[in-house]
K.L.:
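There's a structure below that I have some questions on.
In what follows, chains are A, B, ... by sequence order, proteins preceding strands, each numbered from 1. Note that these values count all heavy atoms, side chains included, but never hydrogens, waters or copies made by symmetry.
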2 protein chains.
Amino acid sequence: MAATDKALAGLRQMIASGALGPGEKFPPEPELCDRLGVSRSSLREAARSLAALGVIESRHGSGTYVSALDPAEIISRFSLSVELIPLEGVLELLEVRRVLEAHATAAAAARQDVELEKTLADILDRLEATTDAGQIQALDAEFHNLICTAGGNPTVTALTGVIRGRGGHYRIFEPGADFDAIKQTSDRGHRAILAAIAGRDPAAAATAASAHIAQTELWLRALRPVPQI
Amino acid sequence: MAATDKALAGLRQMIASGALGPGEKFPPEPELCDRLGVSRSSLREAARSLAALGVIESRHGSGTYVSALDPAEIISRFSLSVELIPLEGVLELLEVRRVLEAHATAAAAARQDVELEKTLADILDRLEATTDAGQIQALDAEFHNLICTAGGNPTVTALTGVIRGRGGHYRIFEPGADFDAIKQTSDRGHRAILAAIAGRDPAAAATAASAHIAQTELWLRALRPVPQI
DNA sequence: CGCCCTAAGTCATCTGAGGACTTATCCTCG
DNA sequence: CGAGGATAAGTCCTCAGATGACTTAGGGCG
């Protein structure tokens, strides 16, 4: 087997076998090199691979540690790659977001959290008052993120967050011919979601969330905007 | 900025800016080192990071290339990290699978594909006839994978596949006290899914798929089996 | 008792060298 | 003339050694 692959397999094995649990520290690099039978270069390249995937974490001057192995954290690592996916692929991803977020929004509606509803309403007030693309994106993210969090599954929140972040690189909300129409439709969509949550109607919440995101998909398909990263 | 991070940013930028598209080749390592102002070690570590995420691909003796940047391929890279997630996290992931697979199964039911239905029935015949854990796992994967593929969104297929692969490392189907009961329940669940698809009933298909995966979640919670990787 | 300083431990980076694999080219042979 | 293999150039892979940078713990000083 190639040296780097051997190192990679060895490191993974140490975690998979349970020898090292979340947060625990690996032996120093020279010792790992001896144990795995590879050079430091190869070991470090293998470690970088796992670090990129969020499995381990190297701290300069301190050591190399197993990460928390939390699904949400690991999924958030995907943003590095997801942000490079071209438009065609983003549309596939948006279907995933639509389905997951509809589910999470329904779960949020099933909760009876008055505080959440007030916070969401406040966000929408500010969102409707601004036309700044950056603020729109930030407030939109905050709105959806809060709802997903209320949905109760951090993995879903992370996954939808990564996908939303990718979509955000496309300039939908730029001053242009359709800006006002798009913004108003978006604002109405958000209000519909909030109304369903406030009405404790999970089915309506799922529908509203699904429709809202489907609308985004339509805009992306129609406008095919140029990404800015 | 740290050298490796600088190299990482530089490589990503070359893709994000559109200078290099899917399948295209990077300049040789020495030239990239000059251009990015880092040593070969740092450049290679950065490249390994991106390779782990499925963004680039190094071919020994040939060169380094931008990957296809296909969402399904990128997501399949996650199996390397997902397979190390402990049971607690797997349960969160299974909820994602449940929601997505219900969606895909409904979409598959909306199609009218007699050939698919015959293939699925054949798989279930073989699945019901075996008690070998490895075969059960393989046939189960084939069954669900075919349905997800018919659902039409490769990203969903890849994502559910990664999660299913993780769950498969837990020995649910091992000879034991509950083996027969579990196997029969699982077989009935598969038949219910197939019946809904054959009946072209998307709502029933979604329900059947959801119930089937929810059952798996219950078993994992109850049995808390020991993983084998 | 607290603060600073020191030293040991560890990861980060650079340099230079040789090996291994792929690919294209050219030459030989049929 | 075509096909096959030998050759050479291009490229990534691995190793080794040395130095720098950062973290942490412990001791000394005020």
Side-chain angles (χ1 to χ4, degrees), chain A residues 1-15 19-69 73 77 80-81, chain B residues 1-15 19-69 73 77 80-81:
Chain A
M1 198 192 312
T4 304
D5 291 338
K6 186 161 65 172
L8 192 58
L11 292 176
R12 287 190 80 234
Q13 182 63 25
M14 293 177 71
I15 303 174
L20 252 58
E24 291 190 304
K25 186 175 172 179
F26 281 93
E29 289 178 353
E31 184 183 330
L32 280 175
C33 291
D34 280 352
R35 197 187 300 187
L36 300 175
V38 300
S39 71
R40 258 191 81 217
S41 321
S42 298
L43 174 71
R44 284 185 55 77
E45 288 186 19
R48 281 282 180 185
S49 289
L50 291 177
L53 292 169
V55 171
I56 72 177
E57 196 178 329
S58 284
R59 296 178 206 152
H60 192 177
S62 173
T64 302
Y65 303 80
V66 180
S67 79
L69 292 180
E73 276 183 36
R77 287 311 181 91
L80 275 175
S81 48
Chain B
M1 196 195 308
T4 304
D5 291 339
K6 187 162 62 171
L8 193 57
L11 292 176
R12 288 190 80 234
Q13 182 63 27
M14 292 177 71
I15 302 174
L20 252 57
E24 291 190 305
K25 187 175 173 180
F26 281 93
E29 289 177 351
E31 185 183 329
L32 280 175
C33 291
D34 280 352
R35 199 188 297 187
L36 301 174
V38 300
S39 71
R40 267 193 61 219
S41 324
S42 299
L43 173 70
R44 284 186 54 76
E45 288 187 19
R48 282 280 180 186
S49 289
L50 292 178
L53 292 169
V55 172
I56 72 177
E57 194 179 330
S58 285
R59 298 179 205 153
H60 190 175
S62 173
T64 302
Y65 303 80
V66 180
S67 79
L69 293 180
E73 276 183 37
R77 287 311 182 91
L80 275 174
S81 47

K.L.:
Hey, are the side chains of A/Ser67 and A/Arg77 touching, using non-hydrogen atoms and a 4.5 Å cut-off?
P.N.:
no
K.L.:
Under a 3.5 Å distance rule, please check whether B/Glu24 uses its side chain to pair with a backbone N or O of B/Gly21 as donor and acceptor.
P.N.:
yes
K.L.:
Would you check if A/Val55 and A/Val66 make a side-chain contact, meaning some heavy-atom pair closer than 4.5 Å?
P.N.:
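No; the side chains remain at least 4.5 Å from each other.
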K.L.:
If you check the B/Ala2 side chain, which of D/dA16, C/dC11, C/dT13 turns out closest?
P.N.:
C/dT13
K.L.:
Can you check the A/Glu31 CD to C/dG9 C1' distance for me, whole Å?
P.N.:
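Distance, rounded to whole Å: 13 Å.
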K.L.:
Nearest to the side chain of A/Ser58, heavy atoms from C-beta on, is which of D/dC12, C/dA12, C/dT15?
P.N.:
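Comparing D/dC12, C/dA12, C/dT15 against the side chain of A/Ser58, the answer is C/dA12.
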K.L.:
Quick one: A/Asp5 CG to D/dT14 C1', roughly how many Å, whole number?
P.N.:
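Roughly 12 Å, once rounded to whole Å.
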K.L.:
Taking CG from A/Leu43 and P from D/dC13, how many angstroms apart are they, rounded to a whole number?
P.N.:
16 Å
K.L.:
Taking atom types as they are modelled, would you say the side chain of B/His60 forms a donor-acceptor pair with the base of D/dC12 within the 3.5 Å cutoff?
P.N.:
yes
K.L.:
Looking at D/dT23, D/dC12, C/dT23, which one has an atom nearest to any side-chain atom of A/Ser62?
P.N.:
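The closest nucleotide is D/dT23.
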K.L.:
Could you state the CZ-C1' distance from A/Arg40 to D/dG20, rounded to the nearest angstrom?
P.N.:
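Between C1' of D/dG20 and CZ of A/Arg40: 12 Å.
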K.L.:
Looking only at side-chain N and O atoms, does B/Ser42 come under 4.0 Å of OP1 or OP2 in C/dC14?
P.N.:
yes
K.L.:
Using a 4.0 Å heavy-atom cut-off, does B/Arg59 contact any base of the nucleic acid, only the sugar-phosphate backbone, or nothing at all?
P.N.:
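The answer is sugar-phosphate, as B/Arg59 gets under 4.0 Å only of primed atoms, P, OP1 or OP2.
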K.L.:
Roughly how far, to the nearest 0.5 Å, is the OG atom of B/Ser62 from the NZ atom of B/Lys25?
P.N.:
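If we round to the nearest 0.5 Å, B/Lys25:NZ and B/Ser62:OG are 5.0 Å apart.
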K.L.:
What is the distance from NZ of A/Lys6 to C1' of D/dT14, rounded to the nearest Å?
P.N.:
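Rounded to whole Å, this separation is 11 Å.
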K.L.:
How many angstroms lie between CE in A/Met14 and CD1 in A/Ile56, if you round to the nearest 0.5 Å?
P.N.:
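If I round to the nearest 0.5 Å, the distance is 10.0 Å.
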K.L.:
Nearest to the side chain of A/Lys25, which nucleotide is it out of C/dT10, C/dT23, D/dT11?
P.N.:
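The answer is C/dT10.
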K.L.:
Relative to the 5' end of DNA chain D, which residue comes earlier, A/Gly61 or B/Arg48, by the nucleotide with the nearest heavy atom?
P.N.:
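Here B/Arg48 is the residue nearer the 5' end.
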K.L.:
Answer yes or no: does a side-chain N or O of B/Thr64 lie under 4.0 Å from OP1 or OP2 of D/dC12?
P.N.:
yes
K.L.:
Out of D/dC12, C/dT13, C/dC11, which has the shortest distance to the side chain of B/Glu29?
P.N.:
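Looking only at side-chain atoms, B/Glu29 lies closest to D/dC12.
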K.L.:
Considering only side-chain heavy atoms of A/Ala3, which listed nucleotide, D/dT14, C/dC14, C/dC11, is closest?
P.N.:
D/dT14
K.L.:
In whole Å, I'd like the distance from the CG atom of B/Leu11 to the C1' atom of D/dC12.
P.N.:
14 Å
K.L.:
Please report the distance, rounded to the nearest Å, between CE in A/Met1 and P in D/dC13.
P.N.:
16 Å
K.L.:
Starting at CD of A/Glu45 and ending at P of C/dC11, how long is that distance when rounded to a whole Å?
P.N.:
17 Å
K.L.:
Within the 4.0 Å heavy-atom criterion, would you say A/Arg44 contacts the bases, only the backbone, or no part of the nucleic acid?
P.N.:
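Result for A/Arg44 = base.
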K.L.:
Students often get this wrong, so: under 4.0 angstrom with heavy atoms, is A/Ser41 touching a base, only sugar-phosphate, or nothing?
P.N.:
base
K.L.:
Once rounded to the nearest 0.5 Å, what's the spacing between atom CZ of B/Arg44 and atom OG1 of B/Thr64?
P.N.:
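The OG1 atom of B/Thr64 is 8.0 Å from CZ of B/Arg44, to the nearest 0.5 Å.
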